[in-house]
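Positions are given from 1 along the sequence. Hydrogens, waters and symmetry mates are skipped; everything else that's a heavy atom, side chains included, is used.
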Amino acid sequence: MKRISAQDFYTLLPYYENSVSVNMHLVVYEQEVLLMPASMQVIIQKSFSLSYQGSDFIMYTHLPENIQNTVRKYALIIGKQLQYSGYRGVCGIDFITTQDEVFFSEINGRFQSSTVLINKAMHHCGLDMSLQRLHIDAFLNPKCTIELPAFEVGYSLYGYSYDPETFEKAKYLYQCIQDAPEVVCCNDDDLDWEMKLEKNTYLFKIISNTNIISVSAEFATLLHPDININEHIFDPKHYHEQLQELKIMLLSHGIKIEKRALEKLTESGGVNCQEFEAIDLLIEKNIYINVPYETRFSELSPFRIELENNGEFILMYFGKKLTTAQIRTASKLDSHVSPNGFLYKDFLYLGNDRLRIYHRNGCYFKTLNKGCKFCDVEVNEMPLPIEDIKEAIDAYAKCENIQHFMIGGGSEPINSDFQKILDIAGYLKAKFNKPINVMSLPPLDPNILDAFKDVGITEVTFNLEVYDRMLAQKYMPGKGFIPLEVYDKAFQKAVDLWGRTGNVRTVFIVGLESEKTLLEGVKHVCALGVSPILSLLKGISGTPMEYFFPPSDQQILKICHKVQKICDFYGIEQGPVCRCCEDNTLKISC
Ligand code: SF4
C-alpha cells in the first residue's frame, strides 16, 4: 500500500531507537505556569505507525535526575511562550529523551489520556481538586487561587484495543485482572465481548499502583511482559520445537497457581518458593524451570497451573492445556532449628538434585551498605557456626536425594582466606565424596585454588554478573569494584586446575547491561575457557532494582542464540553442566 503522497506536506523527524517518550501537563495562567508531575509514555510500534497505549508516572521518577531537570526547564520555557501567545488552561507537552538529551516533540492543547491519573493522585492525597477545576481557574484568574501542595502520582495506565490477532489474549487478560493486586481499577465502558469490532476499537484500560514499564540498559522503553500481549515468540502448536522459547517466557512472565492446585500442593508440604520468589517446575520428564511465582503482575501471566481430576498438575497457556507438570514441594527439614537457633532453610537450600550451603550469614558488602542493588540477601552479622552447618547437612543427606553440593551465598571480604569454605568442603568430601561446586568472589591470590582442589572441590563459579565495569560499579557498589584482572587471574588458574569442560563458570545477568557489552563479556570468558551462565534479571521486591524488568522475550531469545554461537566458536559449553541446575538459567538441554 502506498503510504506517501507527492501532493502532501510532511514533517521529517529523526528516529531515536534508544529513547523514551515523556509527557508533562501544564496549567497556563495569565501570570503563572503550573508544572504537573511528568510521566513516561508507552508507545508501541504497529505496522505503519507508533501508537500511544499508556502512561507511567512511577517509572518517570526513576529516570536520571539530569533528564528530569531538563524536562522541567524546557516545559517552563514552552509554558511561558504559550502564556505570552495568550494560551490559557491545561495542555500537555511531549518530549523524546535519550540517555543524555531531551528533545521537544509536540504540544497538545487539551487534556491527556493520563489526566485521570493526576486527578486520582490528587484525590488520594486528600485534595478536593482536579485538572479540570484548575483549567477553569486558569481562565478566571491571573494566578492559581487554589492551594496545591506537592504530590506524587503513584499510578500507571495501559489501554487495550481490538486486534484480531491478540483478541483472545486480551480477553484472557481481562478475566485475570480481578486477581491481580497491582491493578487498582479496570475501565471497560461496559464492553460487550460478543460485539463485532473494528480493528483498533478501544477495549479496556487498566490502572496500576506499580510501574508497568521500565527502561532497558540501552535506554529504551520496556513494557512489562505480562501487560504486553503483542509479542509472539511462542506458538503452542509447535510446543515441542519451541522449548527454549517456552522457557524464556516462563522465566520472564512467571506463573500463577489455580486454587485447587494450590490446596493440593499445600497438603503435600507447600509450594517451595524459598529461593528467588519462584517455584520449581518439571516438564517433559527432564526440563527443570525455576518459574517466578507471586511476583509483580504474575497473576496476569499467560501460564497457569491447574489440577486435573486424576490428580495431575497441568501447565496451561492462555487458558489452554500445554502439558503435564510436576511442582516440587518444600522439604520438611526446612523448618528445623540448628543448635544455635538458625532455621535450616536460612542457610541451606535444597535444589532439584543439589544441596546449597551458605557458608556465612548475610553478605559482607551488605554490612558495608554496599550490597548489589538486585540482591535480596539480608544484612546479618550473626556468625554461623560450622557445627550448625554440619548438623543440617547430615540431616538433609539422610532424607533427600542429593547428587552434588554447592557452597555459596553471601560474600566474604575480598581478602578472605576462604578457610570456612575449605572446612565445609573438607567435611563434604570426607563424608559423601560427591561433586562440590564453590560459588564465591574470585580469590585475590589465585594460588589458594590449589587448596580448593586438594580439599575435594570439583567446580568453581566466580560471578562477574556485569561485564561493563562502569555499570558493575553502579549496580554492585561493593563487588563491582573488583577489577576484571582479579577475575581473569582466578579464571586462568581455575581453568589450569579444572579444565575447559564447564567446571569453571561465571554468571552474566541478562538485562543489566547492553546486549553489546554482554556479548563482549561472553567472548572474553569463553576465550579463557570459562563457561558463561545466563541468568535473567529479576526485579526482586524490596530491592532497589524492583522497578526493573528483563528485556523483551524477543531480545532474550536473540541474546541466547548469539551466546550459543560464541560458545560454539570457542568450543565451550554454556553453564551449568548439570541439567537439574539449569532451572534458573536461560540454558535448556533438549
Ligand atoms: S555480593 Fe552476592 S550476596 Fe553480596 S550483595 Fe552482591 S549478589 Fe548479594
Run the ring-centre check on Tyr160 versus Phe204 and record whether the distance is less than 6.0 Å. yes
Identify whether NZ of Lys or CZ of Arg in Lys264 sits under 6.0 Å from the centre of the six-membered ring of Phe313 and within 45° of that ring's axis. yes
Assess whether side-chain contact (heavy atoms from CB on, under 4.5 Å) is satisfied between Ser535 and Phe508, documenting all intermediate values. CA-CA 6 Å; Ser535 175; Phe508 290 99; over 6 Å; no
Distance only, no hydrogens: is a donor on one side chain within 3.5 Å (strictly under) of an acceptor on the other, for Asn401 and Asp353? no
Would you tell me whether Ser589 and Glu582 have side-chain atoms, one donor and one acceptor, within less than 3.5 Å of each other? yes
Minimum heavy-atom separation for Pro292 and Thr295, please, with both atom names. CB-OG1, 3.7 Å
Donor-acceptor pair between Ser541 and Arg296 side chains, under 3.5 angstrom: no
Apply the test side-chain contact (heavy atoms from CB on, under 4.5 Å) to residues Tyr60 and Asp56: give CA-CA distance (whole Å), side-chain angles for both, the deciding distance (0.1 Å), then the verdict. CA-CA 7 Å; Tyr60 178 82; Asp56 192 326; over 6 Å; no
Geometric cation-pi criterion, Lys120 with Tyr155: 6.0 Å, 45°: yes
Between Thr517 and Ser514, is any side-chain donor less than 3.5 angstrom from a side-chain acceptor? yes
Give a yes or no on whether the ring-centroid distance for Phe374 and Phe548 is below 6.0 angstrom. no
Should Ile289 and Leu282 be marked as a side-chain contact (heavy atoms from CB on, under 4.5 Å) after you check the CA-CA gap, both sets of side-chain angles, and the distance that decides it? CA-CA 6 Å; Ile289 312 178; Leu282 171 61; over 6 Å; no
Is the gap between the ring centers of Phe167 and Trp193 under 6.0 Å? yes
Parallel, tilted or perpendicular: which describes the rings of Tyr396 and Tyr344, with under 30° parallel and over 60° perpendicular? tilted
Between Asn211 and His224, do the side chains contain a donor N or O and an acceptor N or O under 3.5 Å apart? no
Using only atom types and a distance under 3.5 Å, with no angle test, would you say the side chain of Glu277 pairs donor to acceptor with the backbone of Tyr293? no
Run the side-chain contact (heavy atoms from CB on, under 4.5 Å) check on Leu536 and Ser252 step by step: do they pass? CA-CA 8 Å; Leu536 198 57; Ser252 72; 3.9 Å; yes
Sidechain-backbone polar pair: Arg579 side chain, Asn286 backbone, donor-acceptor under 3.5 Å: yes
Nearest heavy-atom neighbours spanning Ile206 and Ile227: CD1-CD1, 3.8 Å
Aromatic contact between Phe318 and Phe303, with the criterion being ring centroids under 6.0 Å apart: yes or no? no
Between Gln112 and Asn23, is any side-chain donor less than 3.5 angstrom from a side-chain acceptor? yes
How about Asp280 and Gln326: does a side-chain donor come under 3.5 Å of a side-chain acceptor? no
Should Glu294 and Lys256 be marked as a salt bridge (Lys or Arg N to Asp or Glu O under 4.0 Å) after you check the CA-CA gap, both sets of side-chain angles, and the distance that decides it? CA-CA 7 Å; Glu294 290 193 332; Lys256 56 184 168 177; over 6 Å; no
